[in-house]
Amino acid sequence: MTTGEQVVTINGRQVRLTNLQKVLWPEAGYTKAALIKYLLAVYPYMGPHLCQRPLVVTRWPDGICGKSFYQKNAPYHTPDWVETFTWESGEPERTIDYILCNNLETLVWLGNLACLEYHPWLSSIQQVNNPDFLIFDLDPSRPGSSAAVGEIALTLREILWKLGLEGYPKTSGATGMHIYVPLEAVYPYETVRKTAAFIASLVVAALPRIATTNRSVRQREGKVYIDYLQNARGQTICAPYSPRPLPGAPVSVPLTWEEVVNFTPRPYNIETAILRVNGVGDLFAPVLENRQSLKPVLSYLARKKVF
DNA sequence: GGGGAGA
DNA sequence: TCTCCCCAACGCGGG
DNA sequence: CCCGCG
Ligand SMILES: [Mn+2]
Ligand SMILES: [Mn+2]
């Protein structure tokens, strides 16, 4: 990929790649060719987490220092082999044709459009009202809170364990972490969100000096924000393996719990993650398999009349 | 990044 | 032919 | 109902 333009054929579909030499991450010098090389390499691991989920992307055609925009609707002249999902929301009535990244050629096509961030819905189009995971988004309000993030994640793991649930951690690729709790796709978003709120409150009770669920930035006092409100339709949590538009081209990477003990926020980027992922495989594979029930925690909450 | 509208 | 504009507006919850 | 937040 040294020339500026070429056509690749993937699964019999032709994808035109343009401006391959364009630098998207200036200080690291990573080009669009590097981005597409990464997407090709990571697709076997990332693809299953995007499949059949309405997708929102952020695009940075002039690189991470240039202008960017969100894209929800499939753009005009989207190739006919790109699958889409039409979502009609009411009040005001609006229709969005979401892209479904169901194959490699779609991901490469998106890469050519300079899509850096990939935000799939928590629910798939098969059960669009029922998320497949409950998530916790740990956001440090100050840089240098990495040790606190790791400690909170490990405490959260223990609390989940006591509730009969298993969580799976990944870096966000920015400063914090995401913990996914895979579920049976039978609970409405509101139930999942309220359950997440309850669990987050248990974590804050255990670690009140470093964790908070306060949504007011000023009242967080430098603590780590446990954001459970991302458990809503259309929210934008970046997918596992998604690159980030930040210096050095970091990516969101699944971690083992042992790695969380010494959490560092950006251990891998679009270049180094390839070796990592080919070595350990998809640590997030269980997130698509281990569909857990909220029944124990929901009956507990019903007894305590928390709801 | 690329299509469409308007000059 | 050139330049400019558009690409998302939403869910949540507290005051 | 608006506002702050992500
Ligand atoms: Mn976050
Ligand atoms: Mn957040």
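To find a chain, count down the sequence lines: A is the first, B the second, and so on, and within it residues start at 1.
Between A/Asp62 atom CG and B/dG2 atom C1' the separation is 12 Å, expressed in whole Å. The CZ atom of A/Arg218 sits 18 Å away from the P atom of C/dG14 (whole-angstrom rounding). Across the protein-nucleic acid pair, A/Trp60 atom CH2 and B/dG2 atom P stand 18 Å apart, rounded to whole Å. As rounded to whole Å, 11 Å separates atom P of C/dG13 from atom CG of A/Asn231.
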Treating primed atoms plus P, OP1 and OP2 as sugar-phosphate and everything else as base, which nucleotides of nucleotides 3-10 of chain C get B, S or - for protein heavy atoms under 4.0 Å? ----BBSS
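Proximity of A/Asn19 to the phosphate of B/dG1: a side-chain N or O atom is located under 4.0 Å from OP1 or OP2. Contact between the side-chain N/O atoms of A/Thr18 and the OP1/OP2 oxygens of B/dG2 is found at a separation under 4.0 Å.
The ring pair (Phe, Tyr, Trp, His ring centres under 6.0 Å) pairs that include a residue from residues 137-195 of chain A are A/Phe133-A/Tyr180, A/Tyr180-A/Phe284, where partners are two or more places apart or lie in different chains. Sorted by first and then second residue, the salt bridge (charged side-chain N to carboxylate O under 4.0 Å, His left out) pairs involving residues 244-269 of chain A (not counting sequence neighbours) are A/Glu117-A/Arg244, A/Glu259-A/Arg276. Screening residues 62-79 of chain A for salt bridge (charged side-chain N to carboxylate O under 4.0 Å, His left out) gives A/Lys22-A/Asp62 as the qualifying pairs, with residues at least two apart or on separate chains.
The P atoms of D/dC5 and C/dA8 are separated by 25 Å, rounded to the nearest whole Å. When the P atom is used for both D/dG4 and C/dA9, the distance is 22 Å, rounded to whole Å.
Protein chain A contacts DNA chain D from D/dG4 to D/dG6, reading 5' to 3' and using non-hydrogen atoms of the protein with a distance under 4.0 Å.
A/Asn73 contributes no side-chain N or O that, together with a main-chain N or O of A/Ile96, makes up a donor-acceptor pair within less than 3.5 Å. Put simply, the side chain of A/Lys223 gets close to the backbone of A/Pro208: a donor and an acceptor are under 3.5 Å apart.
A/Leu183 pairs in a side chain to side chain contact (heavy atoms under 4.5 Å, CB included) with only one of the listed residues (A/Thr195, A/Asp132, A/Leu294), which is A/Leu294.
Partners of A/Ala41 by side chain to side chain contact (heavy atoms under 4.5 Å, CB included), not counting sequence neighbours, listed by chain and number: A/Ile274.
Residue A/Arg215 has its side chain nearest to C/dG11 when only B/dG4, C/dG11, B/dG2 are considered.
Checking A/Tyr38 against A/Asn269 by side-chain atom types alone, no donor-acceptor pair falls below 3.5 Å.
A salt bridge is absent between A/Glu158 and A/Lys162; no separation between the charged side-chain nitrogens and carboxylate oxygens falls under 4.0 Å.
Interface remark: the A/Arg193 side chain does not form any donor-acceptor pair with the C/dC12 base, using a distance-only criterion of under 3.5 Å.
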